[in-house]
Amino acid sequence: MDEVAPGVFVATAEQYTTTTTVVAGLNGGCLVVDPAVTAADLDALASWLSARGLRPVAGWSTHPHWDHVLWSRALGDGVVRFATPRAAQVAARERRGLIDGVEESAPGHDLALFARLEPLAAAEIPWDGPRAVVVAHDAHAPGHGALFLPETGVLIAGDMCSDIEIPLLDLESADPFGDYGKGLRALASLTEVRVVVPGHGHVGDAAEYRRRIAADFAYLDAVQAGHDPADPRLDGQEWLRAEHARHLALVSERGAGR
Ligand SMILES: [Zn+2]
């Protein structure tokens, strides 16, 4: 666990370089964002929290993908785990597919607690800790909700702003590039970001945050123009190259249909 800002802790799992974020609140309460990935990772997180005297009082799930909707009894089976209304709805509707994903890639989780999300219509997490403002959009997944902590300038970005992953579009959306651009603009409009925590990858400072936003816009622009961008994140990552090929195919299909 790294303390990336006062009272904000990030753990990074070996699998997919996945991050878990903990925000300390009042009286030992804490907010847990996207705990992941393996059952052993969640056990280790619960042990770390109890050793620090921290107790989850709320959860946040950034988006309805299986590796972002995990939970365990040791984290507290009565803890409300919020998500945007759209994300909660999609997680309920696509529960079967999400379960297939977790069973295939990280078996052993308590499925009774898996993907149980409470829709949050409010603009901020209702808790007594540091303010956590929801930045909702539909880039990468429907109802994706980043959290911005104004007091420390921390942006918990979910599956955006990664140093190791290209922008990954929601290919089931009616307008994958449009949605992604809108989401990225919503994040780019946050002028006070001092620390960025991507769902997969490494924590970055303000300059790195700006660099990633620019790199992601450059990637989207290049692909939409039908070019193969020189993006170092594509080097040697087979699965990302496959996603990238899907993005390019989408552009050429749409072009042909015009
Ligand atoms: Zn995702």
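Start at 1 and go down the list; that is how both ligands and their atoms are numbered. On a predicted model such as this, the values are computed, not experimentally measured, just so you know.
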Check: If you draw a 6.0 Å radius around CD in Glu103, do more than 12 non-hydrogen atoms from other residues or ligands fall strictly inside?
Finding: yes
Checklist line | Min side-chain heavy-atom separation Pro107-Val102 under 4.5 Å | finding: no
Next item on the list: Side-chain contact test, heavy atoms from C-beta onward, threshold under 4.5 Å: evaluate it for Lys182 versus Asp138 and give yes or no.
Entry: no
Note to self: Could you check whether Arg96 pairs with Asp100 (Lys NZ or Arg NE/NH1/NH2 to Asp/Glu carboxylate O, under 4.0 Å)?
What the structure shows: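 Salt bridge flag = yes for Asp100 with Arg96.
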Note to self: Filter on ring pair (Phe, Tyr, Trp, His ring centres under 6.0 Å), then keep only pairs touching residues 169-217, sequence neighbours left out; what's left?
What the structure shows: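 Non-adjacent pairs meeting ring pair (Phe, Tyr, Trp, His ring centres under 6.0 Å): His68-His200.
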Check: Does the Glu151 side chain pair with the main chain of Arg131, one donor and one acceptor, at a distance under 3.5 Å?
Finding: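 Yes; judged by distance alone, with no hydrogens or angles, the pair exists.
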Item checked: Neighbouring protein N, O or S atoms of the Zn ion (ligand 1) [cut-off: under 2.8 Å, no waters] ->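 Result, waters dropped: His63 NE2, His65 ND1, His140 NE2, Asp159 OD2.
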